[in-house]
**Student:** 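Below: one structure in structure tokens.
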Protein chains: 2
Amino acid sequence: MKISAQEEYGLRCLVQLAALPEGGSLTLPQIAEREGISIANAGKLMWLLNKAGFVHSTRGTKGGYSLERPAEDIRLSEIIKVLDEDVLSKHCGSYTGVLDSCVHNGDCGIRPVIIGLHMLVENALSQITLAQLVGSERSVDAMFHRVHSIHRTVEPHGV
Amino acid sequence: MKISAQEEYGLRCLVQLAALPEGGSLTLPQIAEREGISIANAGKLMWLLNKAGFVHSTRGTKGGYSLERPAEDIRLSEIIKVLDEDVLSKHCGSYTGVLDSCVHNGDCGIRPVIIGLHMLVENALSQITLAQLVGSERSVDAMFHRVHSIHRTVEPHGV
DNA sequence: AACAATCTTGACGAAAAAATAATGATTTGC
DNA sequence: GCAAATCATTATTTTTTCGTCAAGATTGTT
């Protein structure tokens with residue numbers, strides 16, 4: 001179980017914007033250089049993030065990308081969800097996936113585990129905002145306690 | 001963030017063996033049919049699980065696979081770790097991955113998050129045994145509470 | 001108006017993951 | 001000892017994911 005390249009770098013690009021002074025913006029080449037990825041690749045990621053409403057883009061000279069919403073309002077769970085959409089899990093046990101095309105219909109021992117994990121991760125990510133990733137409290141230790149504290153905002157499914 | 005096909009189906013194969021009456025065994029074709037995967041694919045998975053010491057295999061007529069260790073002693077975290085080894089995350093922020101080849105050396109905002117997530121998931125999976133997946137208490141609800149309860153067996157890293 | 005800088009978008013190629021195929025080795029039963 | 005059934009291991013193919021390219025569209029500057 002791991003984070004995909006698209007998830008990781010998409011998130012990174014947003015962090016770059018969030019770290020800017022109020023109202024600042026970055027061009028594609030600037031973002032690409034800061035993340036060590038190609039301009040083309042950064043372009044596609046920013047396109048996704050723009051479509052999803054996280055960033056605002058302006059074309060032409062002096063153009064670039066800036067955050068559309070305040071970093072304090074953007075939760076990591078939203079971001080991951082968007083960057084994942086292209087790469088949706090097709091596994092029959094997946095939280096979002098198809099349940100019908102499965103040979104274990106109605107008696108699958110591991111489905112509850114997979115669903116539980118999805119909820120666990122989403123719950124953890126929903127407690128971290130973009131702003132927190134660039135603030136002063138972003139040590140592994142601080143993040144650990146944030147990720148591992150449970151605010152029961154997600155309720156068990158009756159599946 | 002999702003579970004890989006190898007992780008999911010490897011786990012499923014073990015569940016099949018764990019669901020058997022004490023000392024029972026299954027052949028490759030039997031496992032493949034029950035999981036809806038090809039025999040060749042099941043073969044590779046069982047080979048991995050055998051190498052890792054989860055199952056015992058016997059060749060020849062009347063051969064097959066059986067659990068090497070009691071299902072009560074096998075935690076999901078161990079299983080996932082083995083099935084993941086082939087497909088190790090190369091991301092610079094990964095818990096197990098390389099940290100040096102990263103352009104964000106020493107000041108990467110999202111690394112703590114990724115490490116935290118890895119710990120979170122591992123912690124959750126370490127609290128579920130194979131036996132619990134075939135027992136009577138395996139509803140989504142029960143699994144949810146098991147996955148989401150935190151026993152602080154994993155401690156924050158000083159990274 | 002012309003030009004330069006920038007984002008947009010679809011198509012293409014490369015890399016990684018997953019599935020399959022193929023060949024070899026071991027055991028059982030006759 | 002031979003044939004059938006089974007696991008073991010490596011190689012190949014297919015699929016999916018990732019990254020790149022190229023042509024187009026928009027905006028600002030001179």
Side-chain angles (χ1 to χ4, degrees), chain A residues 1-13 17 25-33 35-68 83-92 94 97, chain B residues 1-13 16-17 24-33 35-68 83-92 94 97:
Chain A
M1 198 163 193
K2 71 181 177 193
I3 198 171
S4 76
Q6 187 156 263
E7 288 172 314
E8 173 163 350
Y9 285 110
L11 184 51
R12 284 186 189 281
C13 291
L17 293 184
S25 76
L26 289 174
T27 69
L28 231 26
Q30 287 174 322
I31 294 173
E33 198 213 347
E35 290 306 329
I37 59 180
S38 73
I39 295 176
N41 200 8
K44 190 193 281 184
L45 290 171
M46 295 312 292
W47 176 65
L48 278 175
L49 293 170
N50 182 30
K51 240 190 0 175
F54 292 115
V55 303
H56 171 76
S57 73
T58 56
R59 297 206 243 197
T61 312
K62 297 292 176 186
Y65 294 93
S66 55
L67 284 188
E68 174 87 34
L83 294 169
D84 232 357
E85 233 157 47
D86 281 5
V87 190
L88 250 188
S89 173
K90 297 295 191 310
H91 296 148
C92 74
S94 156
Chain B
M1 199 163 194
K2 71 181 177 193
I3 198 172
S4 74
Q6 186 156 263
E7 288 172 314
E8 172 164 351
Y9 284 111
L11 185 50
R12 285 186 187 283
C13 291
Q16 290 295 343
L17 293 184
S25 75
L26 289 175
T27 69
L28 230 27
Q30 287 174 322
I31 294 173
E33 198 213 346
E35 290 307 330
I37 58 181
S38 73
I39 296 176
N41 201 6
K44 190 196 282 184
L45 291 171
M46 295 313 292
W47 176 63
L48 279 175
L49 294 170
N50 182 31
K51 245 193 350 178
F54 292 115
V55 303
H56 171 76
S57 73
T58 55
R59 297 207 242 197
T61 312
K62 296 292 174 188
Y65 295 93
S66 56
L67 283 189
E68 173 86 37
L83 294 169
D84 230 357
E85 234 156 47
D86 280 6
V87 189
L88 248 188
S89 173
K90 296 296 190 308
H91 295 149
C92 74
S94 156

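Computed from heavy atoms alone, side chains included, the values below leave out hydrogens, waters and symmetry copies. A note on names: the letters A, B, ... follow the listed sequences, proteins ahead of strands, and every chain is numbered from 1.
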**Student:** The criterion is side chain to side chain contact (heavy atoms under 4.5 Å, CB included); which residues satisfy it with A:S25, sequence neighbours excluded?
**Tutor:**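 Counting only residues at least two positions away or on another chain, A:S25 forms a side chain to side chain contact (heavy atoms under 4.5 Å, CB included) with A:S66.
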**Student:** What residues, two or more places apart in sequence or in another chain, satisfy side chain to side chain contact (heavy atoms under 4.5 Å, CB included) together with A:T58?
**Tutor:**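 By the side chain to side chain contact (heavy atoms under 4.5 Å, CB included) rule, A:T58 matches A:H56.
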**Student:** Compare side-chain N and O positions of B:K2 against OP1 and OP2 of D:dT16 and report whether any pair is under 4.0 Å apart.
**Tutor:**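 Negative; the distance criterion is not met.
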**Student:** Return the value, rounded to whole Å, for the distance between atom CD1 of B:I37 and atom P of C:dT20.
**Tutor:**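 Going from CD1 in B:I37 over to P in C:dT20 covers 9 Å.
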**Student:** Nearest whole angstrom, please: distance from the P of D:dC7 to the CZ of B:F54.
**Tutor:**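 Distance, rounded to whole Å: 19 Å.
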**Student:** Rounded to the Å, how far apart are B:D84 CG and C:dA16 C1'?
**Tutor:**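 From B:D84 CG to C:dA16 C1': 14 Å.
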**Student:** Expressed as a whole number of angstroms, how long is the span from B:N41:CG to D:dT12:P?
**Tutor:**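 B:N41 atom CG is separated from D:dT12 atom P by 19 Å.
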**Student:** For A:I31 and A:I39, what are the C-alpha separation, side-chain angles and deciding distance, and is it a side chain to side chain contact (heavy atoms under 4.5 Å, CB included)?
**Tutor:** CA-CA 8 Å; A:I31 294 173; A:I39 295 176; over 6 Å; no
**Student:** Between D:dC18, C:dT20, D:dT20, which nucleotide gets closest to the side-chain atoms of A:A5?
**Tutor:**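 Out of D:dC18, C:dT20, D:dT20, the nucleotide with an atom closest to A:A5's side chain is D:dC18.
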**Student:** Roughly how far, to the nearest 0.5 Å, is the OG1 atom of A:T27 from the CD atom of A:E33?
**Tutor:**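 Spacing of CD (A:E33) from OG1 (A:T27) equals 9.5 Å.
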**Student:** Distance from A:N41 atom CG to A:M46 atom CE, nearest 0.5 Å?
**Tutor:**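 Spacing of CG (A:N41) from CE (A:M46) equals 12.0 Å.
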**Student:** Just the rounded figure in Å: distance from P of D:dA22 to CD1 of A:I39.
**Tutor:**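 A:I39 atom CD1 is separated from D:dA22 atom P by 14 Å.
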**Student:** Could you tell me the separation between the OG atom of B:S57 and the CG atom of B:L49, rounded to the nearest 0.5 Å?
**Tutor:**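 B:S57 atom OG to B:L49 atom CG measures 11.0 Å (nearest 0.5 Å).
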**Student:** Whole-Å distance between D:dT6 P and B:Q30 CD?
**Tutor:**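 In whole Å, D:dT6 P lies 8 Å from B:Q30 CD.
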**Student:** Treat primed atoms plus P, OP1 and OP2 as sugar-phosphate and everything else as base, then score nucleotides 2-15 of chain C 5' to 3': B for base contact with protein heavy atoms under 4.0 Å, S for sugar-phosphate contact only, - for none.
**Tutor:** --BBBBSS------
